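In what follows, a single structure is set out as structure tokens and then discussed.
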There are 2 protein chains.
Amino acid sequence: MTGYRDIKEAVLRRIHAGEWPPGALIPSEADLAAEYGTARGTANRAIRELAETGLVERRRRAGTRVTHRAGRSALVAIPIVRAEIEAAGRRYGYALLDRRIEPGDQRHIGRLDPQAGAPVLALTCLHLADGEPHQLEDRLIGLDVVPDARDVDFTATSPNEWLVRAVPYSRSEHIFSAATPTEDDRGRLRLRPDEPVFLIERRTWLGAKPVTWVRLAHPGARYRMASRDHDAA
Amino acid sequence: MTGYRDIKEAVLRRIHAGEWPPGALIPSEADLAAEYGTARGTANRAIRELAETGLVERRRRAGTRVTHRAGRSALVAIPIVRAEIEAAGRRYGYALLDRRIEPGDQRHIGRLDPQAGAPVLALTCLHLADGEPHQLEDRLIGLDVVPDARDVDFTATSPNEWLVRAVPYSRSEHIFSAATPTEDDRGRLRLRPDEPVFLIERRTWLGAKPVTWVRLAHPGARYRMASRDHDAA
DNA sequence: GAGTGGTCTAGACCACGTT
DNA sequence: ACGTGGTCTAGACCACTCC
């Protein structure tokens with residue numbers, strides 16, 4: 001029995017073998033289906049999944065081409081910090097360091113980008129593993145979009161966990177970087193001299209409205225983020 | 001017309017609205033199909049895609065449940081450095097700094113993990129943007145798996161580009177981290193004092209055999225890696 | 001206009017795991 | 001045993017875009 005996985009692997013192999021170099025047109029779904037003796041739906045699923053990884057590009061009428069700049073992609077899981085710590089067999093600790101409500105203004109541009117004048121909830125908290133600082137979280141929440149956040153007791157629940165449960169979002173964006181820590185980072189994460197921080201910045205929207213911005217700082221020398229691969233063969 | 005996207009959004013909304021809290025069972029494909037007046041295949045695709053993002057978990061006979069710890073995931077594109085630089089409108093430059101062939105031994109454990117005694121090609125090269133150091137590449141290639149690499153002129157072609165074109169792989173793994181630069185990093189990337197490096201380490205296999213290991217170091221203060229989102233609504 | 005991908009349908013069989 | 005998801009089929013209609 002030929003399945004969509006078989007077709008996917010076969011096409012992947014033929015691309016890697018050089019049969020279809022970058023830029024080349026691969027056979028249409030109908031031709032692939034005929035060649036492998038399946039329904040078109042089966043070939044469709046195979047090639048659709050290859051397109052999702054970026055290996056090929058599809059356009060109606062124009063057909064399916066092998067992508068030129070074969071960048072690789074990786075699926076990075078960004079765990080909830082509590083789960084990450086507990087999964088490592090360590091004791092999770094949490095502290096709310098600061099909570100303010102600010103009018104949305106210049107300070108938030110490029111981060112939350114709130115509507116002019118809309119109030120912003122600014123939180124700073126620390127996540128610990130076995131009592132040792134693990135992640136420093138600076139967060140902005142748009143109270144116009146998420147009014148309920150005003151009344152949540154964030155000394156008991158971390159904003160991450162509350163938001164995941166309470167607030168839907170439709171789009172998010174991440175930036176990963178290495179940085180020299182700020183003075184705050186240095187003190188709160190108890191960094192060694194010269195130790196950098198690994199930063200994850202995430203912005204989240206519901207439709208066009210910004211929901212939350214967060215900066216997650218990890219001690220660089222003690223943090224690595226791994227990914228499973230995304231291409232497959 | 002109700003499409004798989006409609007069902008996907010509807011289910012997403014109902015989960016976020018609290019109708020099905022984490023751990024709850026959502027209706028079977030057949031029930032959803034009946035509810036929304038579609039074929040089962042349509043409901044299948046909707047829920048399958050939600051499962052791919054990790055929002056729900058599916059098991060035969062047991063049904064589909066809302067995931068408990070809904071970690072988020074992001075799809076990170078790792079571009080070929082040349083394309084990345086040229087896409088930014090900068091001039092690409094490349095230099096091979098070092099090339100050695102070494103017997104596979106202790107030094108490579110945890111990186112390439114070559115078969116005992118198999119020769120390893122070790123390359124160091126620098127990628128520049130407008131003449132400024134952009135990425136320092138340290139690479140190991142298993143010559144037992146990729147014998148052709150021995151005869152390639154890597155002063156003309158960067159190993160990244162050659163490998164992408166010439167060698168298939170079946171699995172890869174990435175680690176992202178922030179680090180204090182080594183003395184080599186500092187000199188070759190012309191780092192400012194206290195400037196950290198952003199590291200990408202990638203290991204690639206063909207079946208069970210290690211193909212290549214690479215460490216890509218970027219000046220932290222000048223490098224950010226962005227991702228598109230992977231969850232969708 | 002015609003060929004390509006995008007999607008849906010109604011049905012089917014099977015694998016799997018819970019009961 | 002039986003209900004669930006996993007997949008395939010053969011056909012269909014449509015949207016898009018190149019010619």
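Throughout, protein chains are lettered first and strands after them, A, B, ... in sequence-line order, and every chain is numbered starting at 1. Worth saying up front: this structure is predicted, and the values here are computed from it rather than measured.
Nearest heavy atoms, B:Pro210 versus B:Leu112: CB-O, 3.0 Å. In terms of heavy atoms, A:Leu126 sits closest to A:Pro133 at CD1-CB, 4.2 Å.
Counting to the nearest Å, the C1' atom of D:dT17 and the CG atom of A:Leu25 are 14 Å from each other. The distance from atom CG of A:Asn44 to atom C1' of D:dC13 is 15 Å, rounded to the nearest whole Å. The distance between atom OH of A:Tyr36 and atom P of D:dT9, rounded to the nearest whole Å, is 14 Å. Rounded to whole Å, the distance from CZ on B:Arg48 to C1' on C:dT7 is 12 Å. Atom CG of A:Leu32 is separated from atom P of D:dT9 by 13 Å (rounded to the nearest Å). Rounded to an integer number of Å, the gap from A:Lys8 NZ to D:dT7 C1' is 14 Å. Remark: P of C:dG6 and CD of A:Glu49 are 13 Å apart, rounded to the nearest angstrom. One interatomic measurement links the two molecules: CZ of A:Arg65 to P of C:dT4, which rounds to 12 Å at whole-angstrom precision.
Aromatic ring pairs are classed by plane angle as parallel below 30°, tilted from 30° to 60° and perpendicular above 60°; the pair B:Phe198 and A:Phe198 is parallel. The aromatic rings of A:His218 and A:His134 stand perpendicular to each other, their planes meeting at an angle above 60°, with 30° marking the opposite boundary.
Two residues, A:Gly37 and A:Arg61, neighbour DNA chain D, and the one matched to the more 5' nucleotide by heavy-atom proximity is A:Gly37. Take the nearest nucleotide of DNA chain D for A:Ala62 and for A:Gly41: the residue whose nucleotide is more 5' is A:Gly41.
Note on B:Thr2: every side-chain N or O is 4.0 Å or more away from OP1 and OP2 of C:dC8. Taking side-chain N and O atoms only, A:Tyr4 has a distance below 4.0 Å to OP1 or OP2 of D:dT7. Not one side-chain nitrogen or oxygen of A:Arg45 sits closer than 4.0 Å to the OP1 or OP2 atom of C:dT7. Phosphate contact (OP1/OP2 of D:dC16, side-chain N/O of A:Arg59, threshold under 4.0 Å): absent. Between A:Arg60 and C:dG3, a side-chain N or O to OP1/OP2 separation shorter than 4.0 Å is absent. For B:Thr64 and D:dT4, the shortest distance from a side-chain N or O to OP1 or OP2 is not below 4.0 Å.
Taking 3.5 Å as the limit, the base of C:dT7 and the side chain of A:Arg40 contain a donor-acceptor pair of atoms between them.
When A:Arg202, A:Arg203, A:Arg139 are each tested for a side-chain hydrogen bond (donor to acceptor under 3.5 Å, both in side chains) with A:Thr212, only one passes: A:Arg139.
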